[in-house]
Amino acid sequence: MDGKINELKVDREDYKKVLYRYLILLSIGINIVGAQTVPILNVPAFLDAVGTIFSAVVMGPIIGAGVGLVTNLALGFLVDPGYFYFAGVNVLIGITTGYIFKDHPFNLKTVFAASIFISIIASIVGNTISYMAFGGVAGEQLDRITFLLVERGIDLFVSVNISGFFANLLDKVLSFAIVFCIMMLIDRNLKVNEFNIRWK
């Protein structure tokens, strides 16, 4: 009897490892697709951390951070070296999201609060990197807002922070909304017990 129980535990652990591997790859893919969707949608957002947030909620802060890091490395090699500079931002999003939902329930109220909190953190770090490394250049859609503010006589550093904050706010609200929808689908249709998620 004990032998069968141990076998079931081993099988469950093996299944969990395989499931996590697929979800990690899926999360990285979501990030890359999201980043490439922004120019098509022409919105002042990034959408390169949807998978980071999802993996952090489902699998914890360490895996979330890893997904964020690998995403930016991949985008840096495949799309634009500028992504290398912002790898720390995606890692920070993964860590912060993971720890928030490790201690708090995954519900609409917490998701909204987390999106605001993380947008502030990402904005402070990302805007500083953008200003110091690229002179405020952060992407075509976002640069339009920055240049418009500068033309109105606002200091470049202030303009970068204003445009960056609102872009991060929009980005994180959209990203968390997408993740919230995905999590609701998982909860209703899959009933997977391998994730330590507090729903209430």
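- Here I95 contributes atom CD1 and I100 contributes atom CD1; the two are 12.0 Å apart, rounded to the nearest 0.5 Å.
- Side chains of F46 and F86 form no contact here, defined as non-hydrogen atoms less than 4.5 Å apart.
- Counting all heavy atoms, side chain and backbone alike, G164 lies closest to S123 at C-OG, 3.7 Å.
- No side-chain heavy atom of V125 sits less than 4.5 Å from a side-chain heavy atom of T128.
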Self-check item: Audit row: F165, I124, side chain to side chain contact (heavy atoms under 4.5 Å, CB included) steps and yes/no
Solution: CA-CA 8 Å; F165 171 73; I124 293 171; over 6 Å; no

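- Pairing each heavy atom of L149 with each of S163, the nearest pair is CD1-N, 4.3 Å.
- Within the 4.5 Å cutoff, the side chain of L69 has no heavy atoms near those of the N90 side chain.
- Taking the side chain as every heavy atom from C-beta outward, R144 and N42 approach each other to under 4.5 Å.
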Exercise. For side chain to side chain contact (heavy atoms under 4.5 Å, CB included), just list the numbers for N107 and V111, CA-CA rounded to whole Å, side-chain angles, deciding distance to a tenth of an Å, and then say yes or no.
Key: CA-CA 6 Å; N107 54 39; V111 165; 6.0 Å; no

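- A distance below 6.0 Å separates the ring centres of F134 and Y85.
- Using cut-offs of 30° and 60° for the angle between ring planes, the F106 and F101 rings count as tilted.
- With rounding to the nearest 0.5 Å, the separation of CG in D48 from CG in D171 is 6.5 Å.
- The local environment of CZ in F84 is crowded, with over 12 non-hydrogen atoms from other residues, nucleotides or ligands closer than 6.0 Å.
- Between atom CG of residue L41 and atom CG of residue L47 there is a gap of 7.0 Å, rounded to the nearest 0.5 Å.
- T37 contributes atom OG1, which lies 11.5 Å from atom CD1 of I32 (distance to the nearest 0.5 angstrom).
- Summarising the geometry of S130 relative to V160, their closest heavy-atom pair is OG-CG1, 4.3 Å, with the distance given to 0.1 Å.
- The shortest heavy-atom contact between S175 and V50 is OG-CG2, 3.6 Å.
- Contact of the F54 side chain with the I178 side chain is not registered, since no non-hydrogen atoms from C-beta on lie closer than 4.5 Å.
- No hydrogens or angles considered: a donor-acceptor pair under 3.5 Å links the side chains of T52 and N31.
- The shortest distance between side-chain heavy atoms of L156 and T146 falls below 4.5 Å.
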